[in-house]
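Ligands are counted one by one from 1 in listed order, and the atoms in each one are counted from 1 as well.
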Amino acid sequence: MVKVHAAETLGRVADRAVQIYGGMGYCKDLPIERLYRDARVFRIYDGTSEIHRGVVARGVLKHGAALADLAG
Ligand SMILES: Cc1cc2nc3c(=O)[nH]c(=O)nc-3n(C[C@H](O)[C@H](O)[C@H](O)COP(=O)(O)OP(=O)(O)OC[C@H]3O[C@@H](n4cnc5c(N)ncnc54)[C@H](O)[C@@H]3O)c2cc1C
C-alpha cells in the first residue's frame, strides 16, 4: 500500500513540477525534466502499481476485517 501510494504521489508531484516550470520544466536545462523521468520508474520496478494493487486486493479479501481495524 505504501509503495503504490508513494510511487503515485511522486508521479503527481513531479508532473506538477514540470507544469509549474512550463517549457523550461520539459527542457534539460533544469533538473525537473530528469526528476520527472526518474519518478516514472517507481510505478514499474519493485512491482508495478497494478501488481501491488492486486496483492493489496487479495490481502483485503483475505484479511479484510483485520486490515480495517489497523486503518482505524
Ligand atoms: C530501472 C529498473 C530497475 C530494475 N531493477 C530490478 C532489480 O534490481 N531486480 C529485479 O528483479 N528486477 C528489476 N527490474 C525489473 C522490474 O521489477 C520489472 O520491470 C517489473 O517487475 C515489471 O515487469 P515487466 O517490465 O516485465 O513488465 P510486465 O510484467 O510485462 O508488465 C507490463 C504492464 O502490464 C501490467 N501487468 C502485468 N501483469 C498484470 C496483471 N496480472 N494485472 C494487471 N496488470 C498487469 C503491468 O502492471 C505493466 O503495466 C528493474 C526495472 C527497471 C525499469
Side-chain angles (χ1 to χ4, degrees):
M1 286 184 200
V2 171
K3 199 269 181 176
V4 172
H5 182 72
E8 305 222 346
T9 301
L10 174 63
R12 281 195 298 277
V13 169
D15 184 80
R16 282 187 199 169
V18 172
Q19 195 67 23
I20 287 166
Y21 281 86
M24 283 305 293
Y26 187 75
C27 293
K28 291 196 170 178
D29 301 12
L30 292 182
I32 309 291
E33 166 290 322
R34 174 69 195 268
L35 293 172
Y36 179 76
R37 268 190 298 132
D38 285 354
R40 185 61 181 86
V41 81
F42 283 85
R43 281 159 53 196
I44 297 173
Y45 70 7
D46 199 22
T48 64
S49 290
E50 290 77 16
I51 294 300
H52 280 299
R53 282 202 168 88
V55 171
V56 170
R58 276 195 295 281
V60 168
L61 289 173
K62 196 170 173 188
H63 308 288
L67 285 171
D69 286 345
L70 277 177

Within reach of ligand 1, part of Asp46 (heavy-atom separation under 4.0 Å): backbone
Short list, please: which atoms of ligand 1 are under 4.0 Å from a heavy atom of Glu50? 43 (C), 44 (N), 46 (C), 47 (O), 49 (O)
May I ask whether atom 13 (C) of ligand 1 is less than 4.0 Å from at least one protein heavy atom? no
For Arg43 and Thr48: C-alpha separation, side-chain torsions, deciding distance, then whether side-chain contact (heavy atoms from CB on, under 4.5 Å) applies. CA-CA 5 Å; Arg43 281 159 53 196; Thr48 64; over 6 Å; no
Measuring from His52:NE2 to Asp46:CG, what's the distance to the nearest 0.5 Å? 5.5 Å
Side chain to side chain donor-acceptor pair (under 3.5 Å) with Arg40: which residues, sequence neighbours excluded? none
the protein heavy atom lying closest to atom 20 (C) of ligand 1 turns out to be Ile44 O, 3.4 Å
Do Val13 and Val18 sit in the same hydrophobic cluster, where Ile, Leu, Val, Met, Phe, Trp and Tyr count as joined when their side-chain heavy atoms come under 4.5 Å apart? no
Same cluster or not: are Tyr21 and Tyr36 linked, directly or through other Ile, Leu, Val, Met, Phe, Trp or Tyr residues, by side-chain heavy atoms under 4.5 angstrom apart? yes
Whether Lys3 and Glu8 form a salt bridge (side-chain N of Lys/Arg under 4.0 Å from carboxylate O of Asp/Glu) is what I want to check. no
Can a protein heavy atom be found under 4.0 Å away from atom 29 (O) of ligand 1? no
The protein heavy atom nearest to atom 31 (O) of ligand 1 is Thr48 CG2, 4.8 Å
Protein contact for atom 46 (C) of ligand 1 (heavy atom, distance under 4.0 Å): yes
Is atom 26 (O) of ligand 1 near the protein, in the sense that some protein heavy atom lies at less than 4.0 Å from it? no
Does the protein put a heavy atom under 4.0 Å from atom 22 (C) of ligand 1? yes
Does atom 49 (O) of ligand 1 have any protein heavy atom closer than 4.0 Å? yes
Enumerate the atoms of ligand 1 whose separation from the nearest heavy atom of Val41 is less than 4.0 angstrom. 1 (C), 53 (C)
Which residues satisfy the salt bridge (charged side-chain N to carboxylate O under 4.0 Å, His left out) test with Asp15, sequence neighbours excluded? none
Can you find an N or O of Tyr45 that's nearer than 3.5 Å to an N or O of ligand 1? no
What do you think, any protein heavy atom under 4.0 angstrom from atom 53 (C) of ligand 1? yes
Under 4.0 Å from atom 3 (C) of ligand 1, can you find at least one protein heavy atom? yes
Please test Glu33 against Arg37 for side-chain contact (heavy atoms from CB on, under 4.5 Å), starting from the C-alpha separation and ending with a verdict. CA-CA 6 Å; Glu33 166 290 322; Arg37 268 190 298 132; 2.7 Å; yes
Rounded to the nearest 0.5 Å, what separation is found between the CZ atom of Arg34 and the NZ atom of Lys28? 9.0 Å
I'd like to check which ligand 1 atoms, numbered from 1 as shown, lie under 4.0 Å from a non-hydrogen atom of Ile51. 38 (N), 39 (C), 40 (C), 41 (N)
Is there a chain of hydrophobic side chains (I, L, V, M, F, W, Y, each step under 4.5 Å between heavy atoms) that links Ile32 to Ile20? yes
